[in-house]
Every structure is written in structure tokens, then in C-alpha cells.
Protein chains: 2
Amino acid sequence: MDPLTEAQQKLMPEMTELLKKRYQILLTIKLEEPIGRRALSELAGSTEREIRKETDLLRNQQLVVAKSAGMIVSEQGVAVLDALRDFMRDVSGLIAMEKQLKSLLGISKVLVLPQDSDDIPAVKSNIGKEAARLLEAFFPQYKKIAVTGGSTMAAISKELSSDKRDSLLQFIAARGGLGEDVLHQANTIASSFAGKTGGSVKTLYLPDHLSEEAYEMMMREPVIKEMMDLYDQTDVVVHGIGNAEEIALQRQSSTEEVERIRSGGAVSEAFGYYFDKEGKVVYRIRTAGIQLEQVQKAPAILAIAGGRSKAKAILSYFRNAAPQTILITDEGAAQKILELTQKQEEI
Amino acid sequence: MDPLTEAQQKLMPEMTELLKKRYQILLTIKLEEPIGRRALSELAGSTEREIRKETDLLRNQQLVVAKSAGMIVSEQGVAVLDALRDFMRDVSGLIAMEKQLKSLLGISKVLVLPQDSDDIPAVKSNIGKEAARLLEAFFPQYKKIAVTGGSTMAAISKELSSDKRDSLLQFIAARGGLGEDVLHQANTIASSFAGKTGGSVKTLYLPDHLSEEAYEMMMREPVIKEMMDLYDQTDVVVHGIGNAEEIALQRQSSTEEVERIRSGGAVSEAFGYYFDKEGKVVYRIRTAGIQLEQVQKAPAILAIAGGRSKAKAILSYFRNAAPQTILITDEGAAQKILELTQKQEEI
DNA sequence: TTTAGCTGGACACTTATCGTCCCGCTACAT
DNA sequence: ATGTAGCGGGACGATAAGTGTCCAGCTAAA
């Protein structure tokens, strides 16, 4: 780190926290504009008064302007965000974390974003935005993109900029409809991606919890077979990583399933597979969808998960993840992962 | 200025003031160490509590350590001071001020130091220190140095580092003994300089307020004549600049003299000469000492004066000062000077 | 041995901050 | 056209933080 910055921090130790807080607020406003105090305080995870104090300051500094519909970031504000982006990543130690995680997880790229989405819901939007930027960078080269479901994936679709339209893009739902909220189903997300980018969409509608015979029969259907072939040609896989138990409960799985997941020691879940803490597959939901092998042979894989509560799941998943996988996460998760592994080393 | 710093300031406008304050306190401790809270609060011009709050912080940051004799700056603290020195000058706009003053006063070099010695007595020590560094840089080249009196000059002698000893140096009292405090007489200062540097000293003892005849007679004395010749060979002149009225009062001048000084519109004083606001000599104390012409033909001249109260005097003196003169002043004086000249331009 | 000056602790008091509610307004959806 | 949700700004008692001031105990120099 810059020796000047270090000296500043020595003389003003409160600077880092204060800068982080204000930067986060300004960033959140930018991501959600126009937004009011109350909504902002929800997203930032602080009280209305706190938000008010800081936004008053930001307004005085002419970084945001207050319109009747809410606050928006001024041109100057955007400039400040840009100027501080790398600095904030450095000063928070994010760059150092990325390096550590890269070697720890054995993958080529890790992106760690500020704060913790467990504390500050707005961090999810930022993760979504950066994931969207990364994904968009693949568009010229790769056209067949498989996407899963989940709120994390929804955040990405929100942040896809519509000025990168490309009608050749093909978004493929990586999984069939499951017992999840329809808004966060892979099918919904895939069509949302397509809508934002002007690409086409391939959805997969298969009810969850089929009997084995029904399942086998469906797999012989041409529409379904076509999807299975598409999975083989996938260029990019974009997926979230979940906590095994949470996901199992969300899906209203049968008690038998939950039992198998529990007894197998499942920690993480991704595209229908459950992994234990060694990264071994301990269970798989019997529904159509992309195969683990198909994911791993894709040229590019984006794995997205934030919040310290996901640390264990991330660690579990990356025990056997493909080396070309790119992880996009946040400070909270990254910190926790490094803590956990450090403890293990001590033992 | 660095765009990153600018962005930081936008997001944390209180940073500048806070940094300045803490930097100044740390610097003052360094200059006066070991020093206690009460003495420090006097020098810094703030309350004991304020000082205590900040020094507690500095101690927590391990920039200072508290010994029973007082606080001293740690190694880390010195590093912080060094790292921040140029930054503070930049962020306070001192560098910009120096440029403006250089062209305004028509001289080649101006050094502006932080804060205002009218508010913070410790600033004088800093001015003294920097003046000492500048003077020391001349030592290899120039050996004959004429010095005047005053508290400013005393501050320099305090800060002369004794590890630059040079027995060839010759310090010449630029003036005879005047009705001033003996501690701040040119003679005292000159011998103090000599003591610190290992050089020799030439003092000039002549009572103030001599009759004209006695004065003429003295001037024919060999000891005195020798001094007059030395003035001709002076390499460096180091002098302060005073407010005409203050100096006149300090010297317990006769009412006649004070009247002449007043009616002449004298604003500034330096080495016994009084200048009006156009820089014209309006009066000269009849005592032995260096001549204005002798000063102006010296290869190097250091003029030192700080505090906004000295702004008018500085401005007055530099109306006709030699272009090789170097001004060492502080933020308060510099700011006031620029304000004053800006007002004149508006009219 | 005395004394001056230092740190660290203590405490009442003032000041600023915070949580909370309300108001009038605007923009959008009905 | 009209209702309504959400906005910024104002206000104010409760509360926490900061401030001025003193004292005890200690150390080092005179």
C-alpha cells in the first residue's frame, strides 16, 4: 500500500471506516437511484438518522442531489465513485484477499467486493453489477450461456446493461422448475437475461419430484433431449452457491431427501448438486438440468455468492471446482473463508 | 492535486482539518520533546482536554510514547511526519501559495509552512527549523553570515543541528545592542549560532541612542570599523521582519522617534530600517549595523516572518527587497498577504 | 530532600447526536 | 382527475459523547 496512505491511516484511524461507510452509501444510491432515506436505510442496514446525517453531508458536497422522487448521484458523485473504486478495494485489503483466495481455492480469478451482504443488502446489487460486467465481457466470444436460479442470479439480471445487446446470445436455463419462488427460478432468470440483452432463451419446464419412471420418460422427449444437448455446448455457466440446508428447506424437499442431505454431510449446493465439506457430491436432485461434468468442461464459469454466512458453502464447493471458475464474492465471505482455513492450519 | 485525494476530500471534508490538527500536534511534540499536556496545549493554542484527546489517540497509534518526563515521538511517528510532510503542504494549498507569492513579491523562493504562528506559538519553532535547514544548506558555500535579533531569529538558533559543525563559519551581529531584551539581541543570537555550529562570532556592542558626535567618534574606532568592513563581505544575511510600531515601542524609542516613524507611515522594520507601505525607507535608527545596500548585494538573504499580523509588514518590506531574497513564512501570513493584494486589485 | 512537571484517573456539566414523528409536496398509478 | 405511496425537510425530547477541571501518584532533576 502507498506509504502516504499508510501514514494517513496512522494519523486518522477512523478514516477507513468512515470512508467505507460513505462510499458504500454513495454506491448504493447510485445502484438504486432514485431512492429515499427510508428505503436506503433498509438497504444499507443502518438507521434512518445515520443515513440522513450522511446523505446531508453528501448533498452538501454536491455528490448527490435530492429530487422529489428520491436522491440521485450527481456527475461529481460518479467521478468520486470511479476515483475511489480501486483505492477502496486496496485500503480494505480486498486485493490482498483476492490473491490469497486465488491460491487457496486453486482458481484463476477471484473478485471480492466491499462489505458483507449479510449486513448490507445493497451489497448484493453491487455483486450483481460486477458479475454483470464480467459476464458482458464474455459476450463477444461466447454466446451460449447457462444460468441457474436464486436471488443472487436475479441481482445480476437487474444490472445487465441494455446497451450491450446482441441477438446471437442464447441463454439456457440450467435447471428445470423447482419448488422455488417463481421469480428466482432458473427459467425466469434466463428469460430475464435474454430480455435485457436481446438474446434468445431456452427454458426447461420439468416438475420437481417426479417418479423415476416418469423422469426416464421425460428424458426421452425431444424438447428435453435438445436441452441436454445444449448443455454440452455451453460456453459460460453462471451460477450461485447455496447453503445445503437452507436450499433443501426452501425446496420443501421430502423428509427422506432432507435426511439424505443431512446424513451425507452436505454443506453446499450448486445447480442441483449437493457437496460435502470435502467437495464430494453427496446427493443430487433428480430433475433435468446441466450435469456437473458439463459445467466443468465449459470454457468459462462464473460462481457468485456473497455474505459470511456462505463462507463454508463456498469453501466446500471450491474443493473440487474447475480451475477456470471465476468466483465473485464479498468482503464478509472472503474474510470468513480465510479465517476458517487459518484455523484449520493451526490445528 | 491528486484526483484520488480530491475524491477523498469530497467524501470526507472534515479530513483536512483533522489531519492538519493532528499533524501539527505531532510535529510540535517532535520539535519540543519531551513535553507534557499542559505545555503542549499552550504551544498548540488549544485546551488541555483537546490535546489530551489527540495525544491519547497518537499514543494508541504508537506514534508517540509517554515517558515520565513527557511525550516523545516514536520512530513510527517520525516516519509519519516525513511521509505526510509534502502531502500536508499540498493539501493545505501551501505550494500554490508559494507560487503566487513568488511572482507577487518578485523573488525566487518562498517557503510557506502550515498554520499561523499568531494562533499556534509552536509554528514559530517549525519556521525556525526549516529556516535552519535552509541556512545550513548554505554553509558549504558561504561562510560569512550576518544575523539580526528578534524572537524569530532565536527560534532558528534553537533548531540549528549541531552535527553540521564547521569552524570556518563566521557569524556577524548585523546590529549593535539595542534597547531590546538581551536574549533576542543580534549579539546574543549571533553567538548562539556560532555556539551551535562551532563557528566564530563577531559581536558589535554599541549603546543605543548615542549623540551624533559620540556616534561619529565610535565609527572611527578600529573595532567598529572592522565590523563595517565585514558587512561588506557578508555572504548571507538572515533577518526577521517586524511591524514598525511594535518594534518602535519595544525599543523604548524617544517620543520624537516614534513621531517620525508614525508620520512617515512606517509599516515594517528590518535590520534597523523602517519602510512605508511602498517599501521606501522612512527612518533609520542611528546605530551601527549593516547597511541596506550591503544587505542587498549579499549573495543570499533569508527573510523570516510568520503570523497573519505580520502580513502588512512583509508586503511592505518586499516592495523593494532584493530579488535573491528568500522568504520563509507561514500559512497565516501568506493567506493574509494574498487577501490584501487581492483586495487592492479589486479597487 | 524538595520541587516542578509529568501521566492517568475521575467527575460534573455542557454540547452534539440520535431516534422518531409529522408535515407538505410531488410523481405516478389508478 | 384524483388518490396514494414515497419523498425531503423540520422539529424535539432522550441520550450518549465530549469538555473543562481538578487531584493523586510518580519520576527526575535541582
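In what follows, every chain begins at residue 1, and chains take the letters A, B, ... in the order their sequences are listed. What you see below is based on every heavy atom in this structure, not just the backbone, and it leaves out hydrogens, waters and symmetry mates.
The CE atom of B:M71 sits 8 Å away from the P atom of C:dC6 (whole-angstrom rounding). The separation between B:E50 atom CD and D:dT19 atom P is 6 Å, rounded to whole Å. Atom-to-atom, CG of A:D56 to C1' of D:dC7 comes out at 14 Å; the value is rounded to the nearest Å. Going from atom CD1 of A:I51 over to atom P of D:dC7 covers 12 Å, rounded to whole Å. At whole-Å resolution of the value, CG in B:L58 and C1' in C:dT7 are 15 Å apart. Atom-to-atom, NZ of A:K67 to P of C:dC25 comes out at 20 Å; the value is rounded to the nearest Å. Between the CG atom of B:L40 and the C1' atom of C:dG5 there is a distance of 14 Å, given to the nearest Å. The CD-P distance, from A:E42 to D:dC7, rounds to 11 Å in whole Å.
Of the candidates D:dC7, C:dA27, D:dT21, C:dA27 carries the atom nearest the A:S68 side chain, counting heavy atoms from C-beta on. For A:R49, the listed nucleotide lying nearest its side chain is D:dC12; candidates were D:dG9, D:dC12, C:dC6. Of the candidates D:dG8, C:dG8, C:dT20, D:dG8 carries the atom nearest the A:A66 side chain, counting heavy atoms from C-beta on.
Atom CD of A:E6 has more than 12 heavy atoms from other residues, nucleotides or ligands within 6.0 Å.
A:E331 has a carboxylate O that lies under 4.0 Å from a charged side-chain N of A:K20, or vice versa, which qualifies the two as a salt bridge. Between B:E159 and B:K124, no side-chain nitrogen of the basic residue sits less than 4.0 Å from a carboxylate oxygen of the acidic one, so the salt-bridge criterion is not met. Remark: A:R85 engages A:E130 in a salt bridge, criterion side-chain N to carboxylate O under 4.0 Å. Using a 4.0 Å cut-off between charged side-chain N and carboxylate O, A:D119 and A:R308 make a salt bridge.
Residue B:K53 places at least one side-chain N or O closer than 4.0 Å to OP1 or OP2 of D:dT19. The shortest distance between the side-chain N/O atoms of A:R38 and the OP1/OP2 oxygens of D:dG8 is not below 4.0 Å.
The base of C:dG9 sits with one of its N or O atoms less than 3.5 Å from a complementary donor or acceptor on the side chain of B:R52. Donor-acceptor pairing under 3.5 Å, judged by distance alone, is present between the side chain of B:R37 and the base of C:dG8.
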